[in-house]
Peer 1: 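Starting off with a structure, shown below.
Residue numbering restarts at 1 for every chain, and letters A, B, ... go by the order of the sequence lines. All values reported here derive from a predicted model rather than from experimental measurement.
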Amino acid sequence: MTDRYEPQTIESKWQQKWEETRLYRRVEDPDKEKWYFLTMLPYPSGDLHTGHWYAMAPSDAAARYRRMRGMNVWFPIGFDAFGLPAENAAIKRNIHPHKWTMRNIERMRGQLRQMGTMFDWEHEAITCLPGYYQWNQWFFRKFYDMGLAYRDKAPVDWCPTCNTTLAREQVWGEDRHCERCGTPVIVKELEQWKFRITKYADELLEGLDKIDWPERVKTLQRNWIGRSEGVEFEMKIQGREDLSFRVFTTRPDTTFGMSFAVLAPEHPLVEQITAPEYREEVEAYVAKAKRKSELVRQQEAGEKSGVFIGAYAINPVNGQPVPIWIADYVLMTYGTGAIMAVPAHDQRDFEFARKYGLPTPIVIVPKEVWEAGDASAWSEEAAAAMEAAYTLKEGGVMVNSGPFDGTAWPQSFDATAKWLEEHAAGERKINYRLRDWLISRQRYWGTPIPIIYCPECGTVPVPYEDLPVILPEDAQFRPTGESPLKFHEAFLHVKCPVCGADATRETDTMDTFMDSSWYQYAYVSPYWKEGETLSPDDIPWDKAVGEYWLPVDQYTGGIEHATMHLLYTRFFTKAMRDVGLVDFDEPMLRLFNQGIILGADGEKMSKSRGNVVNPDDYVSKYGADTVRAFLMFIGPWDQGGPWDPRGIEGVHRFLHRVWSLVVDPPKKQHDQPADDKAITDLRRATHKTLLKVTEDYEKFKFNTMIAALMGFSNTLIAAKETPVYGTEAWDEAITSLLLMMAPAMPHISEELWARLGKPYSIHQQPWPEGDPELAKEEVVEIAIQVNGKVRDRIQVAVDADKAGIEAAALASPRVQKWTAGKTIRKVIVVPGRMVNIVAN
RNA sequence: GCCGAAGUGGCGGAAUAGGCAGACGCGACGGUCUCAAAAACCGUUGGGCAUUUGGCCCAUGUGGGUUCGAGUCCCACCUUCGGCACCA
């Protein structure tokens, strides 16, 4: 045994021992409170990078802390193994995606072990294996049976680089680029498989109130779902009483202010009602709009355009005809694809009306204006003078609206909604921005969609007992990225399971977000029923085990998945509940989003910038404990921050100091016994640190947790050279230090624990409780201010009363210097904190 | 444009039921050790002024406000980052 701190030696030694003794094996113990701790599973790109460490090391510390608190903690891991990089490697380097992926996984397993995590390797899952993805297909089939999976032809986003369609959630930013590769997407009209996530829109919204997730994520999801309440009603065409269209509005109270109506250029009615003399112009506009949507969508800088189609619609509330226009600011994909335009009270309509000289009748005025009886406020001059639409709801009162004049929000909404329901075939309606989840991908390396197309029977789902549809291994990869499945004769041709006719398989595979939508359930029993015949009545995991562990208690991962994975998995759980697989509504009860770790230059790590930090280099130089602690020390976990190559030295020095504190004998020997005060002071430091560190682990405040441990160890280094060394209080301090370090720095604490002769393993010890009584100070220093400025500091007993403190403060000569010649007006005493003397 | 988060020393960051701003660490400077260097250890370190001791003033993006007292609360603005983008 060496006396020097050699992390490389001790870390591998303990990692081996932990595995041999199966320290972290999962046991279902009904007497213990279970804690399912989960961190987002990595994509096996080949190397565990700093981002993985930043996500996983603090998660591991939090999981280990819970474990020491006496909870039955399960912390599994797996690999999100389907996806494009594997297929691209196949195309570029002629290596099969399966081989490439499994090789990477092997490498990353080793790296994950080096991190010293308590991952439960006995329940690892790899999503690209048939035993896993057969359940993707089983779920698809279930959803199909329930009407949750459907196929339709509609404009979809296509990434020309990835050669596949994308879900709306995977199209990001102003330029509408592919979330994965950054290429701007184009729009294509294709038949694609979708999941009816919109069916759960309301529930996805309401469920947010029941889970302990960061507000940021909740807000992102709420905005993404984009619920808006309004009224849909009918507008008849003047002179063509057989024809009508429906409009959606969130402001039925403004209906009297309608001065025109707008149809989306693609609206089916345009064709029928356009007046002959306008036809040419209208067709040109429609063609232009269509072309626009097929090109990379340009930002139009808000400039609106449209054309009058020579037809009029009847405003149901007052029977007035209004001109019908078409304009591309009205989208066919939202609401009814048609709107009533109220320029005075909608900014977009306002801009349009100004551009084309359409009237702007005011029908809502502020309450004060109404109460003042100021009629000029809604005169023509007032409308002409408007610089922007008046869109406020609260405090708005209806005017120029016949029988509704004087009605204020929100009664105005209800009254007009009711009127429209009764007179214009109207109904209250809720619209959502959320679209159904497009799951078809035109790529090879994914789960085959279990569908067969039969010329006789049409679309036929693969029977449960024929699952899984195996992804054929012998694929010919094309440089274009076109899916090899389309050309794989053996895969393609199949007999129809219903009539036996020659039929073909669906060649699209599933979005890989399918895999991660339910992996937390798969971990319960990885590859459940692999090789067995599946049936509709199955449960994709061992039911009894699942009942103990599910749902996930604490989830950690990046916020970039806010409207993708984190939305999909919530949808999936609700759908699974409706299938009867689970009896809860939300998959993850608590969520914490860690930040992003940046390069030393403060920029996002990237190969092109050359600022990528390879954690392996630092692990071999300083050891995993140092890297773990450093990542926790950098700053608040949800904030991320730059990797400072010099900062890690400081953390490493701290570990060396702790090592020497425990292992080396003191420099001096003392023959006098320690006095009571020294003992009390030491115990106070110990218990103060215990309370602080405990609170910080609870709240994932790892940076201040490490800082507190550093402070405490500095105290101990000084105390070591005093008579308290070797006392019971000293033992308590050292033991507490190691126990507090154990979750964050599992190897060094285990080694020092063993060197103290304590029983294996430190990771099976109960968490040391801090005692608030022992942590209490006896004497506190309080500041004395005169007119808000600190002029003196005095020592007072912690329980000194206000009067005593005030007297002591006023007795201070330094204070008297500042109050001399002044009258004391007021003395504010905050016990234990400060005194402020107001004098002038 | 809208929504959200955030602006504190040379740097990463502490401190918010309003109560001593700058914990902890990095860097820098000085010292011990050494032939020397590295490492390690000890000390100093927000800015300015003063300095024989005690000191004084200014400081948490900017400008106001509330308060005995504001990094923390309120109003307006500036900057950065993230998200959404004609959603009717």
Peer 1: Please report the distance, rounded to the nearest Å, between CD in E351(A) and C1' in C2(B).
Peer 2: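 These atoms are roughly 14 Å apart.
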Peer 1: Between Y334(A) and S228(A), is there a side-chain donor-acceptor contact under 3.5 Å, judged purely by atom types and distance?
Peer 2: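 A donor-acceptor contact under 3.5 Å links the two side chains.
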Peer 1: Taking only N and O in the side chain of S228(A), is any of them less than 4.0 Å away from OP1 or OP2 of A88(B)?
Peer 2: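 For A88(B), OP1 or OP2 has a side-chain N or O of S228(A) closer than 4.0 Å.
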Peer 1: So, does R216(A) get its side chain near the phosphate of G82(B), meaning an N or O under 4.0 Å from OP1 or OP2?
Peer 2: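 False: R216(A) side-chain N/O out of range (4.0 Å or more) of G82(B) OP1/OP2.
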Peer 1: Distance check: side-chain N/O of N703(A) vs OP1/OP2 of A23(B), anything under 4.0 Å?
Peer 2: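 No, outside the criterion.
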Peer 1: Just by modelled atom types, is the E232(A) backbone N or O under 3.5 Å from a matching donor or acceptor in the E427(A) side chain?
Peer 2: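 It does not hold such a pair.
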Peer 1: Using whole Å, what does the distance between atom P of nucleotide G25(B) and atom CZ of F633(A) come to?
Peer 2: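 For the pair F633(A) CZ and G25(B) P, the rounded distance is 7 Å.
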Peer 1: Could you check whether R657(A) gets within reach of a base, just the sugar-phosphate, or nothing at all, counting any heavy atom under 4.0 Å?
Peer 2: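 Contact class for R657(A): sugar-phosphate only.
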Peer 1: Identify the nucleotide, in any strand shown, that forms a Watson-Crick or G-U wobble pair with C35(B), with both distances under 3.5 Å; if there is none, say none.
Peer 2: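 Paired with C35(B), as far as the under-3.5 Å criterion goes, is no nucleotide at all.
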Peer 1: Looking for any heavy atom pair under 4.0 Å, which part of the strands does R653(A) touch: base, sugar-phosphate only, or nothing?
Peer 2: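 Answer is sugar-phosphate: R653(A) comes under 4.0 Å of backbone atoms only.
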Peer 1: With rounding to the closest Å, how many angstrom separate the P atoms on U72(B) and G63(B)?
Peer 2: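 It works out to 13 Å between them.
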Peer 1: If we take the C1' atom in both G22(B) and G27(B), what is their distance in whole Å?
Peer 2: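 To the nearest whole Å, 16 Å.
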Peer 1: Tell me whether the NZ or CZ atom of R628(A) lies within the 45° cone about the ring axis of W53(A) and under 6.0 Å from its centre.
Peer 2: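 No, a cation-pi geometry is absent between R628(A) and W53(A).
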Peer 1: Using both distances under 3.5 Å as the test, list the Watson-Crick or G-U wobble partner of G82(B), or none.
Peer 2: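 Check on G82(B): paired to C3(B), both distances under 3.5 Å.
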Peer 1: Categorize V330(A) for me: base, sugar-phosphate, or nothing, with a 4.0 angstrom heavy-atom threshold over every strand shown.
Peer 2: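 Here V330(A) touches the bases of the nucleic acid.
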Peer 1: Out of G25(B), C68(B), C57(B), which nucleotide sits closest to the side chain of M710(A)?
Peer 2: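 Between G25(B), C68(B), C57(B), the one nearest the side chain of M710(A) would be G25(B).
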Peer 1: Any side-chain N or O of Q785(A) below 4.0 angstrom from OP1/OP2 of C68(B)?
Peer 2: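 Q785(A) to C68(B) OP1/OP2: no side-chain N or O under 4.0 Å.
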Peer 1: State, without any angle test, whether Y390(A) and D346(A) hold a side-chain donor-acceptor pair at a distance under 3.5 Å.
Peer 2: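 Note: Y390(A) and D346(A) side chains miss the donor-acceptor criterion.
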Peer 1: Please state the P separation for the pair A6(B) and G61(B) - nearest whole angstrom.
Peer 2: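 After rounding to an integer number of Å, I get 13 Å for this pair.
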Peer 1: Taking N and O atoms by type only, does the side chain of K304(A) place a donor or acceptor under 3.5 Å from a partner on the base of C86(B)?
Peer 2: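 Indeed, a donor on one side and an acceptor on the other fall under 3.5 Å apart.
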Peer 1: What is the separation between atom CD1 on I324(A) and atom P on A88(B), rounded to the nearest whole Å?
Peer 2: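 The answer, rounded to whole Å, is 22 Å.
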Peer 1: If you measure from the C1' atom in G46(B) to the same atom in A21(B), how many Å do you get, rounded?
Peer 2: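 One C1' to the other, the span is 10 Å.
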Peer 1: Rounded to the nearest Å, what distance is computed from the CE atom of residue M834(A) to the C1' atom of nucleotide C68(B)?
Peer 2: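 Answer to the nearest Å: 8 Å.
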Peer 1: Any side-chain N or O of W224(A) less than 4.0 Å from the OP1 or OP2 oxygen of C3(B)?
Peer 2: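 Checking W224(A) against C3(B): no side-chain N or O falls below 4.0 Å of OP1 or OP2.
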Peer 1: Choosing from G19(B), G27(B), C86(B), which nucleotide comes nearest the side chain of D328(A)?
Peer 2: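 The closest nucleotide is C86(B).
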Peer 1: Of P636(A) and E649(A), whose closest RNA chain B nucleotide lies nearer the 5' terminus?
Peer 2: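 With E649(A) and P636(A) compared, the 5'-side residue is P636(A).
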Peer 1: Among A14(B), C84(B), C58(B), which is the nearest nucleotide to the side chain of W172(A)?
Peer 2: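 That would be C84(B).
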Peer 1: Taking the nucleotide of RNA chain B with the closest heavy atom to each, which residue, V780(A) or R791(A), is nearer the 5' end?
Peer 2: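 Comparing both residues, the 5'-ward one is V780(A).
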Peer 1: Could K304(A) and Y329(A) be counted as a cation-pi pair, given that NZ or CZ must be under 6.0 Å from the ring centre and within 45° of the axis?
Peer 2: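 Yes, cation above the ring, under 6.0 Å and within 45°.
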Peer 1: How close or far is atom P of C84(B) from atom NZ of K218(A), stated in whole angstroms?
Peer 2: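 So the two atoms are 21 Å apart, to the nearest Å.
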Peer 1: By the rule that syn is within 90° of 0, classify the base conformation of G9(B) as syn or anti.
Peer 2: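 It is syn.
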Peer 1: Mind checking who G69(B) pairs with, Watson-Crick or G-U wobble, both distances under 3.5 Å?
Peer 2: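 By the stated definition (distances under 3.5 Å), nothing pairs with G69(B).
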Peer 1: Once you apply a heavy-atom cut-off of 4.0 Å, does I339(A) come out as touching a base, just sugar-phosphate, or nothing?
Peer 2: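 Base, at least one base atom sits under 4.0 Å.
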Peer 1: Checking base pairs now: Watson-Crick or wobble, both atom distances under 3.5 Å. What partners C29(B)?
Peer 2: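 Paired with C29(B), as far as the under-3.5 Å criterion goes, is G43(B).
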Peer 1: Do the ring planes of W325(A) and Y356(A) sit parallel (below 30°), tilted (30 to 60°) or perpendicular (above 60°)?
Peer 2: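 Geometry flag for Y356(A) against W325(A): tilted rings.
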Peer 1: Return the nearest nucleotide to the side chain of K826(A); candidates are C68(B), G25(B), C56(B).
Peer 2: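 Of the options given, the side chain of K826(A) lies nearest C68(B).
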Peer 1: Does the side chain of W224(A) come under 3.5 Å of the side chain of E169(A) through a donor N or O and an acceptor N or O?
Peer 2: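 W224(A) vs E169(A): donor-acceptor pair found between side chains.
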Peer 1: If you measure from the C1' atom in G19(B) to the same atom in G69(B), how many Å do you get, rounded?
Peer 2: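 Taking atom C1' in both G19(B) and G69(B), they lie 7 Å apart.
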Peer 1: Quick one: is A15(B) close enough that its OP1 or OP2 comes under 4.0 Å of any side-chain N or O from K701(A)?
Peer 2: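 The answer is yes; a side-chain N or O of K701(A) sits under 4.0 Å from OP1 or OP2.
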Peer 1: Contact class for I634(A) (heavy atom, under 4.0 Å): base, sugar-phosphate, or nothing?
Peer 2: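 Contact class for I634(A): sugar-phosphate only.
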Peer 1: Once you round it to whole Å, what is the distance between P of G13(B) and CD1 of I648(A)?
Peer 2: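 To the nearest whole Å, that distance equals 16 Å.
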Peer 1: From C-beta outward on N714(A), which listed nucleotide comes closest to its side chain: C68(B), G54(B), C24(B)?
Peer 2: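 Given the options C68(B), G54(B), C24(B), the side chain of N714(A) is closest to C24(B).
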Peer 1: Checking all strands, does W643(A) fall into the base, sugar-phosphate, or nothing category for heavy-atom contacts under 4.0 angstrom?
Peer 2: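 Nothing: the residue W643(A), judged by heavy atoms under 4.0 Å, touches no strand.
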Peer 1: Could you tell me the separation between the CG atom of L655(A) and the C1' atom of C24(B), rounded to a whole number of Å?
Peer 2: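 Atom CG in L655(A) sits about 14 Å away from atom C1' in C24(B).
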Peer 1: Is there a Watson-Crick or G-U wobble partner for U16(B) with both distances under 3.5 Å, and if so, which one is it?
Peer 2: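 Because no pair has both required distances under 3.5 Å, U16(B) counts as unpaired.
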Peer 1: Give none if C56(B) has no partner; otherwise give the nucleotide forming a Watson-Crick or G-U wobble pair with it, both distances under 3.5 Å.
Peer 2: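 Paired with C56(B), as far as the under-3.5 Å criterion goes, is G48(B).
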Peer 1: Between U67(B) and C74(B), how far apart are the P atoms? Round to whole Å, please.
Peer 2: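 To the nearest whole Å, 16 Å.
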Peer 1: Please list all pairs meeting side-chain hydrogen bond (donor to acceptor under 3.5 Å, both in side chains) that have one or both residues in residues 251-261 of chain A, counting only residues at least two apart or in different chains.
Peer 2: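 Matches after skipping sequence neighbours: R251(A)-D253(A).
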Peer 1: Rounded to whole angstrom units, what separation is found between the CG atom of N593(A) and the C1' atom of G83(B)?
Peer 2: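 Taking CG of N593(A) and C1' of G83(B), I get 13 Å after rounding.
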Peer 1: Considering only the P atoms, how many Å lie between C57(B) and A70(B), rounded to the nearest integer?
Peer 2: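 Nearest-Å result for C57(B) against A70(B) at atom P: 15 Å.
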Peer 1: Quote, to the nearest angstrom, the P distance that separates C81(B) from G71(B).
Peer 2: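 So the two P atoms sit 27 Å from each other.
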Peer 1: Select one nucleotide: of C3(B), G83(B), A88(B), the one nearest the side-chain heavy atoms of N223(A).
Peer 2: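 In terms of side-chain proximity for N223(A), the closest of C3(B), G83(B), A88(B) is C3(B).
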Peer 1: Verify, without hydrogens or angle tests, whether T722(A) (side chain) and A718(A) (backbone) share a donor-acceptor contact under 3.5 angstrom.
Peer 2: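 No, T722(A) side chain to A718(A) backbone: no donor-acceptor pair under 3.5 Å.
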